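Report on the following structure.
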2 protein chains.
Amino acid sequence: MSGSTGERPELASTLRAAGMRVTGTRERVYAVVTEMPHSTPDAIIERVNESGPPVPPSSVYRALEALEEVGVVAHTHLDHRAPTYHRADHARHLHLVCRSCGAVAESPAELAGGLVAALEREHGFAADVTHMAIQGECSTCRS
Amino acid sequence: MSGSTGERPELASTLRAAGMRVTGTRERVYAVVTEMPHSTPDAIIERVNESGPPVPPSSVYRALEALEEVGVVAHTHLDHRAPTYHRADHARHLHLVCRSCGAVAESPAELAGGLVAALEREHGFAADVTHMAIQGECSTCRS
DNA sequence: CTGAGTGCAAAACATTTGCAATGTT
DNA sequence: AACATTGCAAATGTTTTGCACTCAG
């Protein structure tokens, strides 16, 4: 069990509320996602394995799936082969991906407010901008 | 207007301008991308093979790579495992992906004008919205 | 003719799945 | 004790690569 109970009571209770079990693997995966937002399954797998006894890839995938299902983590696709995970309560933000250097910056979701409103008005489309990855070139690479 | 023989004089001349060769495979792949925008490599492979003598997947991938390199086609990531290709001169648009039914709608890129300006102003980030896939729920699925 | 492009088959990856063993409740 | 989760290994699906052959230039 998690010895330090102050940190995030949400994880355990959320899992239990969904009738799911609180396991070491899920706690460790959640900790890694918390620690390094925007990381790929690959990076998460590696980090989890540095953090204690080995966990096979399939278990990490299953843990991510479970955590996502109960809504404590979410993922975004930043580019080609890269789903990246982050905590769901991680502030709503847009992902800015630099095509040159690969850096991922965040920006408040509010900047897309006009776009969201326009899509609602023009298409009746309810956009989820937190899932959105915007490609482009960052200020550093441009200068 | 280029005022010459075919429907798309650009393909052959663009390839040649880049020192690349104009081959049947590339023409057929380009034709399929033109005919069905937003299609995955998988769908393109299938359609190409319906259109004439069989072409192995690897050749279709290589053709797409070549066409993208010279800039006549481009791709976007609509969701998980799905790069989708379209003609580069296909009007600049946003991709609206419905999470429920999977439908892909298009919307003029201008709707994102405010967002692009804000990203430029706030982050010095030059956003390419045509590469952007916006997840959400379409009007049909919401009603 | 010459080398870019192709076809084929195998390799490289990323992710998923079946099932017996394990650990949470 | 009951059964959700895990570990392991094998299956799956996609994209890439090596190499001999072919065809565009």
Side-chain angles (χ1 to χ4, degrees), chain A residues 1-3 5 9 11-33 39-49 51-70 72-73 75-85, chain B residues 6 11-33 39-49 51-70 72-73 75-85:
Chain A
M1 18 205 307
S2 35
T5 31
L11 176 58
S13 51
T14 305
L15 282 170
R16 270 192 282 261
M20 299 176 118
R21 292 180 182 175
V22 183
T23 68
T25 297
R26 288 174 181 169
E27 286 174 328
R28 287 169 62 197
V29 169
Y30 185 65
V32 170
V33 170
S39 35
T40 59
D42 204 48
I44 295 170
I45 289 165
E46 189 183 333
R47 192 90 186 82
V48 165
N49 280 298
S51 81
V55 177
S58 56
S59 293
V60 174
Y61 278 107
R62 284 193 272 226
L64 285 170
E65 189 182 19
L67 295 176
E68 190 156 24
E69 189 180 330
V70 299
V72 295
V73 312
H75 78 271
T76 304
H77 289 273
L78 297 185
D79 63 359
H80 290 217
R81 280 267 186 103
T84 65
Y85 290 80
Chain B
L11 176 58
S13 52
T14 305
L15 281 170
R16 269 192 283 260
M20 299 176 116
R21 292 180 182 176
V22 183
T23 68
T25 298
R26 288 174 180 170
E27 286 175 328
R28 287 168 62 198
V29 168
Y30 185 65
V32 170
V33 170
S39 35
T40 59
D42 203 50
I44 295 170
I45 288 164
E46 189 184 333
R47 192 93 187 80
V48 165
N49 280 297
S51 81
V55 177
S58 57
S59 294
V60 174
Y61 278 106
R62 285 192 271 226
L64 285 170
E65 189 182 17
L67 295 176
E68 190 156 24
E69 189 179 330
V70 299
V72 295
V73 313
H75 77 272
T76 303
H77 289 273
L78 299 186
D79 62 0
H80 290 217
R81 277 273 186 105
T84 65
Y85 290 80

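All chains are named by letter (A, B, ...) in the order of the sequence lines, taking the proteins before the strands, and each is independently numbered beginning at 1. Side-chain atoms are counted along with the backbone in the values below, which use heavy atoms only and exclude waters and symmetry mates. Because the structure is predicted, anything quoted here is derived from the model rather than measured.
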With A:R62, which residues qualify under salt bridge (charged side-chain N to carboxylate O under 4.0 Å, His left out), at least two apart? none
List the residues meeting side-chain hydrogen bond (donor to acceptor under 3.5 Å, both in side chains) with B:E69, not counting sequence neighbours, and say none if there are none. none
Whole angstroms only, please: what is the OH-P distance between B:Y61 and C:dC13? 16 Å
A:V48 side chain near A:T25 side chain, heavy-atom distance below 4.5 Å: no
Let me confirm one number: the OH-CD1 distance from A:Y61 to A:I44, rounded to the nearest 0.5 Å. 9.0 Å
Looking at CG of B:L67 and OG1 of B:T14, how far apart are the two atoms once the value is rounded to the nearest 0.5 Å? 10.0 Å
End-to-end axis angle, where each axis spans five pairs of the helix from C:dC1-D:dG25 to C:dT25-D:dA1, to 10°: 40°
By the definition side chain to side chain contact (heavy atoms under 4.5 Å, CB included), identify the one residue from A:V72, A:L64, A:L15 that meets it with A:Y30. A:V72
Which residues share a salt bridge (charged side-chain N to carboxylate O under 4.0 Å, His left out) with B:R47, sequence neighbours left out: B:E35, B:E50
For the OG1 atom of B:T40 and the CD atom of B:E46, what is their distance to the nearest 0.5 Å? 9.0 Å
Using chain B heavy atoms and a threshold of under 4.0 Å, write down where along DNA chain D the contacts begin and end, 5' to 3'. D:dT14 to D:dG25
Could you tell me which residues satisfy side-chain hydrogen bond (donor to acceptor under 3.5 Å, both in side chains) with A:S51, sequence neighbours excluded, listed by chain and number? A:R28
Report the residues that fulfil side chain to side chain contact (heavy atoms under 4.5 Å, CB included) with A:N49, sequence neighbours left out, ordered by chain and then residue number. A:I45, A:P54, A:V55
Nucleotide N/O to protein N/O under 3.5 Å, stretch nucleotides 5-10 of chain C:
| residue | atom | partner | partner atom | Å |
| --- | --- | --- | --- | --- |
| C:dG5 | OP1 | B:R21 | N | 3.0 |
| C:dG5 | OP1 | B:R26 | NH1 | 2.6 |
| C:dG5 | OP1 | B:R26 | NH2 | 3.2 |
| C:dG5 | O5' | B:R26 | NH2 | 3.3 |
| C:dT6 | OP1 | B:T23 | OG1 | 2.9 |
| C:dG7 | OP2 | B:S59 | OG | 2.8 |
| C:dG7 | N7 | B:R62 | NH2 | 3.2 |
| C:dG7 | O6 | B:R62 | NH2 | 3.0 |
| C:dC8 | N4 | B:S58 | OG | 3.2 |
| C:dC8 | N4 | B:R62 | NH2 | 3.2 |

